[in-house]
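Below: the structure, in structure tokens.
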Amino acid sequence: MRRWNGWGDESHSYAVPAKATTALNEWIGPASPKKDATLQEVLATVPKSRLAHAAFLSFDEEDRLRHARGQSLADWVALRSGRIGAFPDAVAYPETSDDVRALLEWAKRTTTRIIPYGGGTSVAGHINPDVDRGPCVTVDMSRMSKLLKLDETSRLATFAAGVSGPDIEAQLRAKGLVLGHFPQSFEQSTLGGWVATRSSGQQSALYGRIEKLFAGGRVETLEGTLQLPVFPASAAGPDVKELVLGSEGRLGIITEATVRVSRLPEREEFVGVFFPGWDDGLAASRTIAQAKLPLSMLRLSAPEEARTMLTLAGHERLLGALEAWIKFRGAGEGKALLLIGATGTPASVTFALEEALAITKKHNGISAGRTFGAQWTKNRFRAPYLRNSLWDMGYAVDTLETATPWSNVNATLRAVESALRKGLDRWNERVHVYTHLSHLYGDGSSIYTTYLFRLGATPEETLERWKVLKARASEAIVASKATISHQHGVGVDHAPYLQAEKGALGLTAIDSVLKRFDPTGLMNPGKLINGGAP
Ligand SMILES: Cc1cc2nc3c(=O)[nH]c(=O)nc-3n(C[C@H](O)[C@H](O)[C@H](O)COP(=O)(O)OP(=O)(O)OC[C@H]3O[C@@H](n4cnc5c(N)ncnc54)[C@H](O)[C@@H]3O)c2cc1C
């Protein structure tokens, strides 16, 4: 059963090792657990729905609570404290595109707001209702999860868009195929959500971001059905698919998505390479990314991240042994860790790893073999569970991300980290900050920063601390001329920073397109463009 006020399945937990507790004390100070609201207490706060009874709607209080918030830190504060603020008036569970079509016709007739809901894993406030805008229905797509069509010759698979990551891969694996889209939220996020937020998976180097995988589909809008035909490529003017990618539920509900799939790989390997310092690691990673080798993943952890992740995972002994070995080989404090993944045939994996490792050697890289790769593979979807355990101890964890050309990576990374480290000075609180580059391109890289801080004495104080940190870091991203999001999307949290990136004309153009599909502003209002373009 899914946790109602945290991450993931209730049956999984992530025990924080004793040494990690000591390290957290050192980094940001001792913390104490805060009292959480119980499910019963929160259910008692669900207000009466403003909608009249309809057979296709669920008014169940727990249903409404479970769809009220996503996974941003502000959502966590609300869920743990029981101060949810706004609930959907009802939840709908359509089973077909026709159900969705009928629901939208009803919404139009009754001027009811609609919030499309995939897995609810948004970390930017995408699915939260805004009560002031009038009654709203959250449309949970989980009953639309079937493989509808498979064109094995063309390697194209069409799914109902509410399908979750594990369900996609299970249905494809049975046919010897793989999609290969593995965001860290894979367990719970959905195909429709990935398209609507322009998501990026951990092995995007090989399979591509969702933009590359999404080949076409069907979108139900308030103004009719939008069919997106599938072509390998087309020069027939601007691509309407691009309007749907990143539309964040504002344009319509994606009911079907055709994706480009691949044969299941014969072999997959992840190896770790240490570098004496960040600059060596950065130069090697950039050179490998620009060499266009058939790799599936490059992930460069800055020194603080490498140390933090191993400590939190309880691998001090492994870390100690490796440190001794690396010191012996000439790399001391301040080392960076590059994980290199290769996926494909035995020959292509061997070729790609040999070429990449040869480049790392030229930049003083010391291969740590497959040990780190194996650890990463084991924990790749487990790490978010740590968030539950740390919260229970009194620590908040949040992440943010951006992307920028290589020539600007160092300056942006430093600006974001420094903004976060100083962010809680007014409370005299320390913030533990660490970063990795997770998606590396020929021309630049994404920058993914994690930060930990102590919960405040009250939920209001925790929320205020987070708001200050989020604002300082977002301002640093904008001042660095980097994108406000490489993969998490805009939602509510990033909407104030969108104009800096798109410009007033660009933002007005996006707003005009949304209005063409939704003239009265019923679809997920307040998200992406908050309150309309300038
Ligand atoms: C622990 C954790 C790890 C994460 N890791 C990653 C990562 O590695 N990479 C990454 O890209 N993101 C990541 N995210 C962010 C999040 O998982 C993505 O944004 C994901 O794409 C959201 O998918 P979802 O199905 O949960 O969508 P939801 O959260 O339900 O919705 C997100 C937005 O999409 C819209 N939407 C959803 N379904 C549809 C539909 N069928 N039609 C129209 N609009 C729709 C919603 O209205 C909303 O605006 C992570 C989040 C968490 C909590």
Side-chain angles (χ1 to χ4, degrees), residues 2-3 6-8 67 69-73 75-76 88 94 97 100 104 113-129 136 138-142 144-145 159-165 167-168 181-204 209-211 214 217-221 226 244-257 297 299 380-388 397-401 403 436 438-439 446 448 450 485-492 494-495 517 523-528:
R2 187 173 168 165
R3 271 191 183 80
W7 175 255
H67 292 85
R69 290 285 185 154
Q71 287 288 324
S72 76
L73 201 97
D75 295 332
W76 270 60
S97 291
V100 173
L104 293 185
R113 275 90 193 141
I114 292 289
I115 303 178
Y117 184 102
T121 66
S122 155
V123 282
H126 284 100
I127 51 91
N128 302 1
C136 79
T138 293
V139 182
D140 182 315
M141 296 293 288
S142 60
M144 295 182 62
S145 62
F159 285 93
V163 64
S164 70
D167 280 356
I168 292 179
H181 190 72
F182 302 114
Q184 206 179 36
S185 57
F186 175 74
E187 270 179 37
Q188 298 193 332
S189 53
T190 66
L191 180 52
W194 298 340
V195 173
T197 57
R198 286 187 174 262
S199 150
S200 198
Q202 290 164 343
Q203 283 165 273
S204 67
R209 287 165 60 94
I210 200 67
E211 293 98 307
F214 178 54
R218 173 172 173 166
V219 187
E220 295 300 340
T221 85
L226 184 64
V244 174
L245 283 156
S247 57
E248 303 196 348
R250 293 286 317 268
L251 188 143
I253 301 187
I254 304 155
T255 58
E256 292 176 15
M297 192 186 78
R299 176 190 161 121
R380 63 191 293 188
F381 304 124
R382 199 175 153 242
Y385 284 89
L386 187 58
R387 222 175 154 192
N388 299 326
V397 190
D398 195 20
T399 60
L400 48 86
E401 37 77 52
H436 67 260
S438 50
H439 300 269
S446 73
Y448 191 97
T450 304
S485 177
H486 167 265
Q487 63 199 56
H488 288 164
V490 179
V492 172
H494 300 143
F517 291 98
M523 295 300 303
N524 209 8
K527 316 298 160 47
L528 187 59

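Both counts, for ligands and for their atoms, begin at 1 and track the order of listing.
- When each atom of ligand 1 is checked for a heavy atom of Thr190 under 4.0 Å away, the hits are 24 (P), 25 (O).
- Note: no N/O pair closer than 3.5 Å links Pro183 and ligand 1 by distance alone.
- Residue Ser200 places a heavy atom under 4.0 Å from ligand 1.
- Ligand 1 lies within reach of Gly252, whose nearest heavy atom is under 4.0 Å from it.
- Nearest non-hydrogen protein atom to atom 2 (C) of ligand 1 is Ser185 CB, 3.9 Å.
- Using a 4.5 Å heavy-atom cutoff, the side chains of Leu245 and Ile210 are in contact.
- Using a 4.5 Å heavy-atom cutoff, the side chains of Met523 and Thr221 are not in contact.
- Residue Thr121 holds the heavy atom nearest to atom 22 (C) of ligand 1 of all those in Thr121, Val195, Val397.
- Which parts of ligand 1 touch Pro384 is read off a 4.0 Å heavy-atom cut-off, strictly below it: atoms 1 (C).
- Taking every non-hydrogen atom of Gly119 and a distance limit under 4.0 Å, the qualifying atoms of ligand 1 come out as 24 (P), 25 (O), 26 (O), 27 (O), 30 (O).
- Contact annotation: the side chain of Ile254 approaches that of Val244 to within less than 4.5 Å [non-hydrogen atoms, C-beta and beyond].
- Residue contact check for ligand 1: Val123 places a non-hydrogen atom closer than 4.0 Å to it.
- Between the side chains of His439 and Ser204, at least one donor N or O lies within less than 3.5 Å of an accepting N or O.
- Of the candidates Glu248, Lys527, Gln188, it is Glu248 that places a heavy atom closest to atom 49 (O) of ligand 1.
- In terms of protein heavy atoms, atom 8 (O) of ligand 1 is closest to Gln184 N, 2.8 Å.
- The part of Gln71 lying near ligand 1 is the side chain, judged by heavy-atom distances below 4.0 Å.
- Residues passing the salt bridge (Lys or Arg N to Asp or Glu O under 4.0 Å) test with Glu248: none are found, sequence neighbours excluded.
- For ligand 1, one of its N or O atoms has an N or O atom of Ile254 under 3.5 Å away.
- Closest to atom 31 (O) of ligand 1 among all protein heavy atoms lies Ile127 CG2, 3.6 Å.
- For atom 23 (O) of ligand 1, the nearest non-hydrogen atom from the set Gly118, Ser189, Gly120, Gly165 comes from Ser189.
- For Arg387 (side chain) and Gly6 (main-chain N/O), no donor-acceptor pair under 3.5 Å exists by modelled atom type.
- The heavy-atom pair separating Glu401 from Ser485 by the smallest distance is OE2-OG, 3.1 Å.
- By the salt bridge (Lys or Arg N to Asp or Glu O under 4.0 Å) test, Arg299 is found to be paired with Glu305, residues two or more places apart in sequence or in another chain being considered.
- Contact annotation: the side chain of Gln487 never approaches that of Pro183 to less than 4.5 Å [non-hydrogen atoms, C-beta and beyond].
- Side-chain atoms of Ser164 and Glu187 include no donor-acceptor pair closer than 3.5 Å.
- His126 CB, 3.4 Å is the protein heavy atom nearest to atom 48 (C) of ligand 1.
- Close approach to Ser199 involves these atoms of ligand 1, each under 4.0 Å from a residue heavy atom: 10 (C), 11 (O), 21 (O).
- Scanning all heavy atoms of the two residues, the minimum distance from Trp76 to Trp7 falls at CZ2-N, 3.5 Å.
- Looking only at protein heavy atoms, the nearest one to atom 32 (C) of ligand 1 is Thr197 CG2, 3.7 Å.
- With a 4.0 Å cut-off on non-hydrogen atoms, Asn524 touches ligand 1 through its side chain and not its backbone.
- Looking at atom 34 (O) of ligand 1, its nearest protein heavy atom turns out to be Ala196 CB, 3.4 Å.
- Considering backbone and side-chain N/O of Pro116, one or more are found under 3.5 Å from N/O of ligand 1.
- Each of the following atoms of ligand 1 lies closer than 4.0 Å to a heavy atom of Ser122: 29 (O).
- The atoms of ligand 1 that sit less than 4.0 Å from any heavy atom of Trp194 are 20 (C), 21 (O).
- A side-chain donor from one of His181 and Ser199 sits under 3.5 Å from a side-chain acceptor of the other.
- Atoms of ligand 1 lying under 4.0 Å from at least one heavy atom of Tyr117, given by number and element, are 30 (O).
- With ligand atoms numbered from 1 in the order given, ligand 1 contributes 21 (O), 23 (O), 24 (P), 25 (O), 27 (O), 37 (C), 38 (N) to contacts under 4.0 Å with heavy atoms of Gly193.
- Judged purely by distance below 3.5 Å, without hydrogens or angles, the side chains of Thr121 and Ser189 never pair a donor atom with an acceptor atom.
- For atom 12 (N) of ligand 1, the nearest protein heavy atom (residue, atom name, distance) is His488 CD2, 3.7 Å.
- The heavy-atom pair separating Gly162 from Thr190 by the smallest distance is O-CG2, 3.5 Å.
- Across every non-hydrogen atom of Gly125 and Val492, the tightest pair is O-CG2, 3.5 Å.
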